[in-house]
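Single-structure report; data block below.
This one's a predicted model, so the numbers in the text were calculated from it and none came from an experiment. As a basis for the values below, the full set of heavy atoms in this structure was taken, side chains included, without hydrogen atoms, waters or symmetry mates.
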Amino acid sequence: MRISVSSDMDEPVARLLLAELPRRGHEVRAHGALRPGADAQWAACSEAAARDVAEGAADQAVVCCWTGTGASIAANKVPGVRAALCTDAVTADGARRWNDANVLALSLRLTSEPLLKEILDAWFAAEPSQDPEDRRNVARVDGLDAARTDS
């Protein structure tokens with residue numbers, strides 16, 4: 001799987017992502033503080049990673065900032081992206097399962113190495129639900145993107 005990773009700071013958890021994802025067999029594209037010369041502002045690097053997903057250059061993304069909130073907000077402004085701020089494995093599982101999230105947002109402050117691995121395990125193990133109600137909700141969210149771009 002192709003995964004874009006962004007971080008506004010070169011922190012240990014962000015570096016661990018760059019090592020852990022390829023170890024799990026994923027191809028990684030780095031943005032922000034993880035790529036020399038790139039714009040490291042949280043809004044810019046999160047948008048860049050999210051655009052990779054929306055444009056098909058990446059299958060998913062992981063966006064990071066100190067709290068994870070700004071990265072999540074910026075990524076969710078890109079049509080076609082469903083970013084979820086996950087601080088534990090149960091939330092990551094639910095985000096993939098019920099929300100068909102395609103961007104994982106993480107807090108650089110809260111995410112330890114063991115927690116990161118648990119979150120990634122849950123994120124990659126979960127499959128989007130095929131339950132009709134869940135699919136209708138995801139379609140409704142996708143429709144919000146269409147309504148925003150039509151304005």
Which of these, Val28, Leu18, Leu106, sits in a side chain to side chain contact (heavy atoms under 4.5 Å, CB included) with Val62?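 When side chain to side chain contact (heavy atoms under 4.5 Å, CB included) is applied between Val62 and each of Val28, Leu18, Leu106, only Leu106 qualifies.
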Student check: side-chain heavy atoms of Asp142 and Val138 closer than 4.5 Å: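 Side chain of Asp142 against side chain of Val138, heavy atoms only: contact under 4.5 Å found.
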Side-chain touch Arg97/Pro128, heavy atoms, less than 4.5 angstrom: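 No, side chains not in contact.
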Cluster check [X], [Y]: I/L/V/M/F/W/Y, side chain < 4.5 angstrom:
X: Leu17; Y: Val63; result: no
X: Ile3; Y: Ile119; result: yes
X: Met1; Y: Leu34; result: yes
X: Leu115; Y: Met9; result: yes
X: Trp123; Y: Val13; result: yes

Checking [X] side chain against [Y] main chain: does a donor-acceptor pair fall under 3.5 Å?
X: Arg29; Y: Val5; result: no
X: Asp52; Y: Ala58; result: no
X: Asn76; Y: Ala83; result: yes
X: Arg82; Y: Val103; result: no
X: Ser72; Y: Gly68; result: no

If you look only at pairs with a residue in residues 122-137, which of them pass as a salt bridge (charged side-chain N to carboxylate O under 4.0 Å, His left out), with sequence neighbours excluded?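 Sorted result for residues 122-137: Asp100-Arg135.
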Which residue pairs satisfy the salt bridge (charged side-chain N to carboxylate O under 4.0 Å, His left out) criterion with at least one member in residues 34-50, sequence neighbours excluded?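 Checked against salt bridge (charged side-chain N to carboxylate O under 4.0 Å, His left out) - neighbours excluded - the pairs reaching residues 34-50 are Glu47-Arg51.
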With side-chain contact (heavy atoms from CB on, under 4.5 Å) as the test, would you mind laying out the steps for Lys117 and Arg24 before giving the verdict? CA-CA 11 Å; Lys117 290 179 179 180; Arg24 292 171 182 248; 4.0 Å; yes
Side-chain H-bond candidate by donor/acceptor type, Trp66 with Glu11, under 3.5 Å: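 No.
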So how far is it from Leu104 CG to Leu120 CG, rounded to the nearest 0.5 Å?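 Those atoms lie 6.5 Å apart.
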So Phe124 and Leu21, side-chain contact (heavy atoms from CB on, under 4.5 Å) or not? Walk me through it. CA-CA 11 Å; Phe124 291 120; Leu21 292 171; 3.7 Å; yes
Tell me, please, which residues at least two apart from Glu118 pass salt bridge (Lys or Arg N to Asp or Glu O under 4.0 Å).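 Scan of Glu118 (salt bridge (Lys or Arg N to Asp or Glu O under 4.0 Å), adjacent residues dropped) gives none.
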Can you confirm whether Arg140 is buried at CZ, in the sense that more than 12 heavy atoms of other residues, nucleotides or ligands lie under 6.0 Å from that atom?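 For Arg140, atom CZ is not crowded (no more than 12 foreign heavy atoms under 6.0 Å).
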